[in-house]
Every structure is written in C-alpha cells, then in structure tokens.
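Each remark here refers to the structure printed beneath this line.
Computed from a predicted structure; not experimentally measured.
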Amino acid sequence: MKKLLSIITVFISLISFSQKSEFSYIKGKLSKNTDYTDMVFSESDSKGGFFVLKRSAGGVNLRNVEYILEHLDSKLKTIDSYVFEKKYYDYNNFRPIVGMFTHEDKIILIENSFKDKTWICNALISNQSKLVFNEKKELYSDKEDNYYGSNYIINKNNTGFALIFSKYQKNIIDNKIFIYDKNLNKKSDITYTKDKKKYWYEVTNIQLSNDSKNIFITENLIDNKKDFYAITKLNQESQKNIVFENNSENKILGIEPYLNNEDIHIFSYYGKNDNAIKGIAYQKIDINNFTANKFIFNEFTEQFFLDKYGDTKKPKEVIKAQKIAFRNIFLNENNEFIITTEESNGYNHPLRLNDLHDLEINNFIDFHLIKINTEGKLVWSRLVNKIHVCNGDYSYVSIFSFMKNNYNYIIFNSGKTIIEDKKAPYFRQVFGYNQDLIALKVDTNGNYTYETIFDHSKNEVLCEIKDAKLFNNDFIFLGSKKNDNQFFKYTIK
C-alpha cells in the first residue's frame, strides 16, 4: 500500500491534468475547395476582427497560385475580401507576398515580382474599410545588377521592417539591406558582402532592432572542417561581428539570439560532440559596444533526465539528438527567460524497385522547457516526451507558443496520449491525420498541465497551428483536411 501511495505521489508531482478548460473556440464557415489552401499571414483590425491572407494552389505541381485577403469579424464572418490575380509559379520555392501589416487605417502587403528581366518589390496599399489595392509604392527594383529576393523582417514592436536582396557570384554573395518605417520611408541602405572562398556559411537568424537602426545576422560558419558561429551588427555607419569559437571540453552547438533594447542574449546547447548534449549555455552582448561576456555553462537538472528516462532508471549525463531547434524565447514578468526547444532527427528510407527517390522520414521528438534567470543561470529544465513522425508533410507537425499571465502555453498536434512507467504523459503520433490539438500550460516552477482543446473526431477538418498568432486573448488559424478548410478562433480566459 505504501509503495502504491509513493508511486501516486511521484506521478502527481511530475504532472497534473487540467480540470477545467481555459480555452473556448468558435468556427467559421466550412469551405469546400478544389485547390489546396493554407494561411500565410494574419493581423488584427483593432476592432475584434482579423485580416487573413490565404494562399490557394492547384494544377500540376500546385503551380496555379491565387492569394485571397479576407477581413473577418469577431465571429469569423466575412466582412470583405479581395482576390489577387492568379499567377503561375513554383508554389514550393517562390512566395510573391512576403509580408503584411496594418498601419493607421491601412492594410499593407509587401510583394515581389519578376517582369521583363527586372526584379521589383512593391508595397500594395488598401484602406481597411474597403479592400481595394489601387495604391502601390515601389520599394526596390533591379534590372542590371541581378539582385533578387527578398527576405522580410519586422521588428518586435512593429514599428519598422527590413528587406534583404541578394546577388550570388562565383565566390561572393552581396546583400542589399533596406530598412523602412511603417510609413514606407526608407531609413537605411546597407550592403553586406560574404566571401565564400574563406568558408561555407549559413544564415540562421536575422533581427531588426526596435529603433530600426541596426540589423543583427547570426551565421553558422565552416572552415577546413572546423565549425564556429558569428553574429554581425550592421547599420548605416558600421559593421561589427563577434565570432564564437569552440573548445574541446564544451562544444557550442549553434547560437540562438534574443534581442531586447539594450542587450543581445545568446543561448546555445553544448556538449562533448554534436549528438551528446550536456546542457545549455548563456552569454550576453552589449548592443552599443558590441562586446561579449564569457559563456555560462549550465548542465541539465536531474529532473530533466527523470522526465526523459523515468524514475526507475539512473539519470543519464547527456541527451542524444541530431538536431534541437529553438521554438520560442520569452521574457516573463521577472525578466527571466522561458525557452521552448524541440528535438528532431531524420533519415531516408529506401523505397521499392522502380521508385526514383527515397522516402524522407522525419521524427520530431521531445520538447525541452527551460528557465534561465537574469544572471544566465539555469533555474529549472523539464522535458516533455513526444514523438511525431512525418514523411514530408509538416502541416500538422508544428507548435505555437505564447506567454500569458506569466504562464508559457505550448499548443501542438498529437495523436494518442499515453501514460507509461515514466509517470508522465507521452504524446505520440506516427503518420496518419487523426490528430487532436493539445495545450500545455507551464508555470513559473516548471510544473505543467495539459488538456485537449480540439477533438478531431468532432470536427470536419484538422488543425494547422504553425501560422497562428496571438492577439490579446485570441489566436486564429486555418483548419484543413484534403482541400476543405475552416477558420478557428480560440480565446483564452
């Protein structure tokens, strides 16, 4: 009996179930389409409604693409809509509309186009009260220099945005960076050049400061099989960079920046090698001087390994994973960092006989939940057991996370929820599309509850949560199944 009570006590201490839902939702009208449709952007109209940009694709290899902007009221009924001209292009490799935002009484879309051997980037402008895009402002055009793009980056306080256009030559990559305010006035014109002879490099993160004066670019670099990382600060006057080199004891495994007004906070996993991860490292960079402190190395807590391996096994020293992606970094009310990351790995499975390609299998595995204090020290680390396997369709293998009332909420798709001898939930989905929507709520001490907020058996579509966005207490996303789709609005109390 004592042993049974002990097991129950451990179980309750690790995880508790949500008894009463904090979420309510409403559904829009179900649309039955012949083409595949997804949601690209959403913005609030500041009156309880939303502007939502949808993309519809059909034909051979989804090359007939049409964009539709809808203005929805608070009950997801259509107030107005605008259908852009249908165009023929590669759906998977080219997105003509790269950005959307509201400003005063306007709704503005950033559009790329290529016509008469000229790359053009325009701002398409309409009044919010009536969707008619009869106003256009050219932001950039290039006929002779062969720059093309663009990457669109908006800053956290939504006061400015940047466009990046690139030109690839034999060993040189030139990047033109233009920074604009929301009135579409150009504030900066920056050129950033990379020499591919020196090293192979990959851009992993680009951020624009809240004052719209500085661009920060994070890169992975490889030189003679040695990998290291860099962050570069660019503005109209200067360019500075900091390089993070590895040592043999604690190898840095990529860097993830968090930008605020005064500092850049750098987070990284570290370990003995790429697949043996011991913990998380932290470093602070002063934005003005652009100087860095030393890394603080934090090993995972015992609770983290208990979550991973169960309380009947001896905790391990490392986590083995091919890749860990930072999904979200938030500041809570005490200026502590709340971090959500996700493990993944992948492989190619050979198909039968006459098939031309292997089948790409990707496993999206456990969530890591981490809290770092203002000094860069680890407060707690938790692990949520899950597995999600897909063969190329990532629509239902994504998460949406936000902070509300000092809680971290993580919304994700899952099939069965299994309680095993780990005394914690195991969220499992292997292929298939019978998936519910799970809401995980994490408190300031790392304890979490969870609930199912969408039951696929009671709805005609499935949830694609990847493009959701929080507006006050609401978030909106598009559910779909085959070519049918339907808007959902969730409200958190």
Side-chain angles (χ1 to χ4, degrees), residues 18 20-33 36-56 67-83 97 99-102 107 109 126 128-129 131 158 327-328 330 395-405 407-414 433 435-441 449-493:
S18 181
K20 187 177 180 181
S21 178
E22 296 181 89
F23 296 88
S24 60
Y25 72 89
I26 60 174
K27 298 187 285 189
K29 182 181 177 182
L30 180 69
S31 298
K32 293 185 174 292
N33 301 319
Y36 170 77
T37 303
D38 65 346
M39 186 174 83
V40 184
F41 299 113
S42 61
E43 289 290 342
S44 169
D45 69 356
S46 302
K47 300 175 183 177
F50 306 90
F51 293 100
V52 181
L53 185 67
K54 298 193 302 183
R55 178 176 52 172
S56 180
Y67 280 80
I68 306 102
L69 180 65
E70 291 193 39
H71 186 187
L72 307 175
D73 66 14
S74 60
K75 297 181 179 179
L76 300 184
K77 294 182 178 179
T78 301
I79 299 172
D80 197 4
S81 64
Y82 185 90
V83 180
I97 298 179
M100 182 177 86
F101 60 89
T102 58
I107 176 82
L109 278 67
S126 171
Q128 294 186 23
S129 57
L131 296 179
N158 294 315
R327 297 304 185 194
N328 282 107
F330 298 112
S395 302
Y396 308 100
V397 194
S398 56
I399 72 169
F400 167 56
S401 184
F402 60 89
M403 289 288 292
K404 192 74 176 176
N405 300 323
Y407 288 93
N408 182 20
Y409 290 87
I410 304 167
I411 317 295
F412 62 99
N413 295 105
S414 180
Y433 295 95
Q435 303 186 54
D436 297 331
L437 201 61
I438 306 296
L440 204 72
K441 178 183 179 182
T449 60
Y450 71 93
E451 62 171 306
T452 300
I453 62 173
F454 177 92
D455 186 341
H456 77 273
S457 65
K458 297 178 181 178
N459 289 278
E460 297 179 82
V461 296
L462 298 174
C463 295
E464 297 183 35
I465 197 66
K466 60 184 174 66
D467 294 313
K469 188 175 178 181
L470 186 69
F471 302 101
N472 295 321
N473 296 318
D474 302 324
F475 59 91
I476 186 173
F477 58 89
L478 189 68
S480 63
K481 193 171 185 179
K482 294 183 178 178
N483 291 331
D484 298 341
N485 58 82
Q486 187 174 28
F487 283 113
F488 288 78
K489 185 185 82 169
Y490 273 76
T491 300
I492 181 169
K493 298 175 183 177

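Note that CD of E70 and CE of M39 are 11.5 Å apart. Values are rounded to the nearest 0.5 Å. To the nearest 0.5 Å, atom CD of residue Q486 and atom CD of residue E460 are 6.5 Å apart. Here K32 contributes atom NZ and D484 contributes atom CG; the two are 4.0 Å apart, rounded to the nearest 0.5 Å. Once rounded to the nearest 0.5 Å, the distance linking CD1 of I107 with CE of M100 reads 4.5 Å. Summarising the geometry, atom OG belonging to S126 is positioned 8.0 Å from atom CG belonging to L69; distances are rounded to the nearest 0.5 Å. Summarising the geometry, atom CG belonging to N485 is positioned 12.5 Å from atom CG belonging to L462; distances are rounded to the nearest 0.5 Å.
Annotation for S129 and D80: closest pair O-OD2, 4.5 Å, computed over non-hydrogen atoms. Nearest heavy-atom pair, G48 versus D45, reported as atom, atom and distance to 0.1 Å: N-OD1, 3.4 Å. Closest approach of H456 and Q435 over heavy atoms only: CB-O, 3.3 Å. Closest approach of L470 to N473, counting heavy atoms only: CD1-C, 4.3 Å. For the residue pair F487 and K54, the shortest heavy atom distance occurs at CZ-CD, 3.6 Å. Taking each heavy atom of T37 and S56 in turn, the nearest pair found is OG1-OG, 3.6 Å.
Summarising the local packing, NZ of K29 is surrounded by 12 or fewer heavy atoms from other residues, nucleotides or ligands at distances under 6.0 Å. Heavy atoms of other residues, nucleotides or ligands lying less than 6.0 angstrom from NZ of K75 number 12 at most.
You'll find the side chain of S44 stays beyond 4.5 Å of the side chain of T102, heavy atoms only. At least one side-chain heavy atom of L72 sits under 4.5 Å from a side-chain heavy atom of T78. Using a 4.5 Å heavy-atom threshold, the side chains of V461 and L478 count as separate.
For the side-chain contact (heavy atoms from CB on, under 4.5 Å) test with R55, the passing option among I68, I97, V40 is V40; the others fail. Considering F50, F477, Y490 as possible partners of F471, the one that fulfils the ring-ring contact (aromatic ring centres under 6.0 Å, His included) test is F50.
Between the side chains of N408 and S401, at least one donor-acceptor pair of N or O atoms lies under 3.5 Å.
Of the possible polar contacts, one joining the K489 side chain to the S74 backbone as a donor-acceptor pair under 3.5 Å is found. Checked by atom type and distance alone, the side chain of N405 never pairs as donor or acceptor with a backbone atom of Y407 at under 3.5 Å.
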>> Under the criterion side chain to side chain contact (heavy atoms under 4.5 Å, CB included), I'd like the reasoning laid out for N158 against F101: C-alpha separation, chi angles, the key distance, then a yes or no.
In response: CA-CA 8 Å; N158 294 315; F101 60 89; over 6 Å; no
> Is there a side chain to side chain contact (heavy atoms under 4.5 Å, CB included) between F51 and L131 once you walk through the steps?
Replying inline: CA-CA 10 Å; F51 293 100; L131 296 179; 4.0 Å; yes
> Please walk me through it: do T452 and I438 pass side chain to side chain contact (heavy atoms under 4.5 Å, CB included)?
Replying inline: CA-CA 5 Å; T452 300; I438 306 296; 3.5 Å; yes
>> Quick one, L440 with F412, criterion side chain to side chain contact (heavy atoms under 4.5 Å, CB included). Give me CA distance, side-chain angles, the key distance, then yes/no.
In response: CA-CA 8 Å; L440 204 72; F412 62 99; 4.3 Å; yes
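Between F23 and F402, the two ring planes are perpendicular [angle over 60°; tilted spans 30° to 60°].
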